[in-house]
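Since the structure is predicted, the reported quantities are computational estimates derived from the model, not experimental observations. What you see below is based on every heavy atom in this structure, not just the backbone, and it leaves out hydrogens, waters and symmetry mates.
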Amino acid sequence: MEFNDGLQDILIDEAKTLVGFQRLRLHAVATEPSHVDLLVSWRDERHWKNIRDKVKESLSRRLNRELGREQSLSEGASRRHVEDQDHFNYLMYVYLPSHSGKKWFETDSDS
C-alpha cells in the first residue's frame, strides 16, 4: 500500500488519537509513501511488543474504516528501542525530520 497525502494525514490524526486511549506520549510521527514511524513513550511496565501491536491495530482499523477494506499493516514494524538521550535526539532532530512525507512533532501548535 502506498500512503498518499490524504492517508498520511489520516495516519497522523489516528496516532494523535490512539495515544490517549493507550496511555502513551506521542513525541513525533513521520510518514513516507511506504510507511509511518511513531516515536512514543509510556511510564508503566507494558512490553514494547504489546505497545507496537496495539498501535498497528489502531492504525490498521482507522485505515480500514477510511478505505472500506479489511487489511492489517505489515509485520515489518521496527524492533528498536530508544537507547538513550542521544538516540532520542537523533530520532527527533535528524531521522524523523528527514522523512519525505508529512510529519507531526509534539512541539507543533495543533497538538
Legend entry - For K102, salt bridge (Lys or Arg N to Asp or Glu O under 4.0 Å) partners two or more places apart: D9
Legend entry - R65: partners by salt bridge (Lys or Arg N to Asp or Glu O under 4.0 Å), with sequence neighbours left out: none
Inset, instruction - Mark yes or no for whether Q8, through its side chain, and F3, through its backbone, hold a donor-acceptor pair below 3.5 Å. - result: yes
Might you point out which heavy atoms bring [X] and [Y] nearest each other, and give the distance in Å?
{"X": "A28", "Y": "M92", "answer": "CB-SD, 3.8 Å"}
{"X": "I10", "Y": "R62", "answer": "CG2-CG, 3.6 Å"}
{"X": "H47", "Y": "W42", "answer": "C-CZ2, 4.5 Å"}
{"X": "L59", "Y": "L11", "answer": "CD2-O, 3.8 Å"}
{"X": "P97", "Y": "K103", "answer": "O-CE, 3.0 Å"}

Legend entry - More than 12 heavy atoms of other groups within 6.0 Å of R69 CZ: yes
Inset, instruction - May I ask whether V94 and F88 are part of the same hydrophobic cluster, defined by side-chain heavy atoms of I, L, V, M, F, W, Y residues being less than 4.5 angstrom apart, directly or through others? - result: yes
Legend entry - Partner set under side chain to side chain contact (heavy atoms under 4.5 Å, CB included) for S34, not counting sequence neighbours: E32
Inset, instruction - Measure the shortest side-chain to side-chain distance between K54 and R46 over non-hydrogen atoms and say whether it is less than 4.5 angstrom. - result: no
Inset, instruction - Taking the side chain as every heavy atom from C-beta outward, state whether L67 and L7 have any pair of such atoms under 4.5 Å apart. - result: yes
Legend entry - Electrostatic pair R25-E106, nearest N-O below 4.0 angstrom: yes
Point-to-point distance, once rounded to the nearest 0.5 Å, from [atom1] of [X] to [atom2] of [Y]:
{"X": "S60", "Y": "E70", "atom1": "OG", "atom2": "CD", "answer": "10.0 Å"}
{"X": "L24", "Y": "L18", "atom1": "CG", "atom2": "CG", "answer": "7.0 Å"}
{"X": "K56", "Y": "L63", "atom1": "NZ", "atom2": "CG", "answer": "13.0 Å"}
{"X": "I51", "Y": "L38", "atom1": "CD1", "atom2": "CG", "answer": "12.0 Å"}
{"X": "L39", "Y": "F105", "atom1": "CG", "atom2": "CZ", "answer": "9.0 Å"}
{"X": "W104", "Y": "H27", "atom1": "CH2", "atom2": "NE2", "answer": "9.5 Å"}

Inset, instruction - Over 60° means perpendicular and under 30° means parallel, so classify the ring planes of H99 and Y95, tilted if in between. - result: perpendicular
